[in-house]
Protein chains: 2
Amino acid sequence: MTETAQYEELMRQLGAVGVVRRQLDRSLPDGCSSGTAVVLGLLDRGGEMRIGRLAELLAVDMSVTSRHVAHLAELGWVDRSPDPSDRRSRILRLTPEGRARLVELSESTAQLLAQGLCDWSADDVRQLTRLLSRLRAGFADLCPEEEMPAGRPAEPVFARTPSFTM
Amino acid sequence: MTETAQYEELMRQLGAVGVVRRQLDRSLPDGCSSGTAVVLGLLDRGGEMRIGRLAELLAVDMSVTSRHVAHLAELGWVDRSPDPSDRRSRILRLTPEGRARLVELSESTAQLLAQGLCDWSADDVRQLTRLLSRLRAGFADLCPEEEMPAGRPAEPVFARTPSFTM
DNA sequence: TATTGTTATACTCTATAACTATA
DNA sequence: TATAGTTATAGAGTATAACAATA
């Protein structure tokens with residue numbers, strides 16, 4: 001198989017990820033998408049941060065992030081308090097309600113993933129995660145982005161990944 | 001790291017695939033998306049087929065497939081000829097123009113992937129492709145789907161993958 | 001003048017449902 | 001009556017650009 005063919009196949013499989021994501025999304029409660037869960041997860045892992053920082057971590061435009069956060073704020077899952085050091089910005093924080101929802105969403109997703117990956121070893125899962133992380137990093141280099149901060153203020157719902165960050 | 005945390009991390013990385021896809025899409029010429037390229041690739045690998053079959057392979061609704069194909073037909077990249085055995089259906093075929101475009105698209109994508117994955121070994125690429133294929137298969141089982149046919153009529157632009165099919 | 005964030009608009013991809021033609 | 005495909009409509013996600021407030 002030529003190199004180009006291998007890349008073509010990879011591209012096809014990357015597209016297939018959308019299929020899995022849509023299926024996971026369908027299983028989530030009410031107005032929750034996997035996108036919602038990822039935002040909550042980043043706020044949980046990264047602690048309080050501003051919109052710009054969140055947009056960097058999500059690797060989407062700030063305008064997109066702004067709308068997602070506005071939605072989560074309406075739901076009462078994210079709190080936006082004024083940033084005393086820069087009045088243009090607001091500081092985002094997971095509310096207790098948001099944290100509770102994150103646990104719920106994570107468990108729901110984990111259950112479905114466990115079902116779809118029932119014949120996977122823990123190492124398979126780790127390996128796929130690591131390769132995807134590397135993939136993302138390779139393309140982030142083409143369009144630079146920062147890393148997650150080393151320290152974080154609040155207790156995360158789940159343990160952080162030490163070897164690679166989103 | 002708990003199992004749930006590992007799944008949560010996997011979900012996050014699956015979301016990050018969208019970032020890579022969008023970046024690949026931006027590099028494609030005029031009205032081409034990676035979706036377009038995948039349709040052309042499937043028609044190249046699978047030979048002539050009907051809309052329903054293509055929708056299965058893409059794992060999206062037939063209505064979605066219908067519109068994509070209509071677009072490609074307008075561009076002259078896909079030909080829709082009447083199916084003599086069932087006048088409700090039409091048979092889809094890659095046109096020479098479509099095949100030429102596929103080569104172009106594949107090379108363009110391969111070039112960008114090669115750039116983003118410059119520090120990857122060929123085996124890394126294969127492994128990621130294989131794991132994604134397994135991931136998709138695991139979820140396809142929850143919502144069953146068929147495999148690609150063994151034989152195919154036309155010369156494919158690229159070699160087929162023997163061990164796993166989309 | 002530059003930066004942070006928000007809003008308006010548009011585009012893509014997707015699904016559901018109604019519809020046509022044929023089996 | 002059921003099936004293959006198309007079209008209409010709606011929803012989610014994203015990007016660009018114009019804008020407001022502040023640095």
Side-chain angles (χ1 to χ4, degrees), chain A residues 14-39 48-75 78 80-92 143 146, chain B residues 14-28 30-39 48-75 78-92 143 146:
Chain A
L14 287 176
V17 167
V19 180
V20 176
R21 269 180 71 86
R22 284 197 298 282
Q23 225 164 317
L24 290 174
D25 276 9
R26 270 193 284 272
S27 80
L28 296 178
D30 40 323
C32 299
S33 66
S34 56
T36 297
V38 168
V39 169
E48 53 184 45
M49 63 181 77
R50 306 193 298 179
I51 288 276
R53 175 67 182 140
L54 187 57
E56 274 175 16
L57 294 174
L58 290 168
V60 298
D61 193 86
M62 203 189 289
S63 66
V64 176
T65 310
S66 179
R67 287 205 318 164
H68 284 176
V69 168
H71 181 229
L72 291 172
E74 278 168 23
L75 290 170
V78 167
R80 293 182 287 189
S81 60
D83 183 342
S85 73
D86 186 339
R87 275 182 301 171
R88 292 172 302 182
S89 299
R90 285 189 283 188
I91 295 179
L92 309 177
C143 173
E146 294 164 42
Chain B
L14 287 175
V17 167
V19 180
V20 176
R21 269 180 70 87
R22 284 197 298 282
Q23 224 164 317
L24 290 174
D25 276 8
R26 269 194 284 274
S27 80
L28 296 177
D30 40 323
C32 298
S33 66
S34 56
T36 298
V38 168
V39 168
E48 55 185 44
M49 63 180 77
R50 305 193 297 180
I51 288 275
R53 175 69 182 138
L54 187 57
E56 274 175 17
L57 294 174
L58 290 170
V60 297
D61 193 85
M62 202 189 288
S63 65
V64 175
T65 310
S66 179
R67 286 206 317 165
H68 284 176
V69 168
H71 180 229
L72 290 172
E74 279 168 23
L75 290 170
V78 166
D79 174 69
R80 293 182 288 189
S81 61
D83 182 342
S85 73
D86 185 340
R87 276 181 299 170
R88 293 173 302 182
S89 299
R90 286 189 281 189
I91 295 178
L92 309 178
C143 174
E146 292 163 44

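The two residues A:L24 and A:S27 have their closest heavy-atom pair at O-OG, 2.8 Å.
In this structure, the CZ atom of B:R26 is 14 Å from the P atom of C:dC13, given to the nearest Å. The interatomic distance linking B:D25 (CG) with C:dC13 (C1') rounds to 11 Å, in whole Å. Residue A:L92 contributes atom CG, which lies 14 Å from atom P of C:dT4 at whole-angstrom precision. Separating the CG atom of B:L72 from the C1' atom of D:dG5 is a distance of 16 Å, rounded to the nearest angstrom. Atoms NE2 (B:H71) and P (C:dT14) sit 14 Å apart, rounded to a whole Å. The distance from atom CE of A:M62 to atom C1' of D:dA15 is 14 Å, rounded to the nearest whole Å. Atom CD in A:Q23 sits roughly 18 Å away from atom C1' in D:dA12 (whole-Å rounding). In this structure, A:D83 atom CG and D:dT22 atom P are separated by 13 Å, rounded to whole Å.
Residue B:S33 places at least one side-chain N or O closer than 4.0 Å to OP1 or OP2 of C:dC13. Taking only side-chain nitrogens and oxygens, B:S63 never comes nearer than 4.0 Å to OP1 or OP2 of C:dA15. Look at A:R22 and you'll find a side-chain N or O under 4.0 angstrom from OP1 or OP2 of C:dA15. For C:dT6, the OP1/OP2 oxygens have a side-chain nitrogen or oxygen of A:R80 closer than 4.0 Å. The side chain of B:H68 contributes no N or O atom lying less than 4.0 Å from OP1 or OP2 of C:dT12. The side chain of B:S89 places no N or O atom within less than 4.0 Å of a non-bridging phosphate oxygen (OP1 or OP2) of D:dA4.
Here C:dA23 is the nucleotide among C:dT7, C:dG5, C:dA23 with the atom lying nearest to any side-chain atom of B:R87. The side chain of A:I51 has C:dT6 as its nearest neighbour among C:dT6, C:dA21, D:dG5.
Residue contacts for A:V64: at a heavy-atom cut-off of 4.0 Å it reaches a base atom on one of the strands shown. B:R90 comes within 4.0 angstrom of the backbone, heavy atoms only, and of no base. Using a 4.0 Å heavy-atom distance criterion, B:D86 is classed as a sugar-phosphate-only contact.
Residue A:S34 is the one, among A:P84 and A:S34, whose nearest nucleotide of DNA chain D lies closer to the 5' end (criterion: closest heavy atom). Both B:V69 and A:V60 sit near DNA chain D, but only B:V69 has its closest nucleotide nearer the 5' end.
At a threshold of 4.0 Å, the pair A:D83-A:R88 does not count as salt-bridged, since none of the basic side-chain nitrogens sits closer than that to a carboxylate oxygen.
The shortest distance between side-chain heavy atoms of B:M49 and B:I91 does not fall below 4.5 Å. B:D86 is listed as a side-chain neighbour of B:R50, based on a closest heavy-atom distance under 4.5 Å.
Tested against A:V39, the residues A:L92, A:L54, A:T65, A:L57 include a single side-chain contact (heavy atoms from CB on, under 4.5 Å) partner, A:L54.
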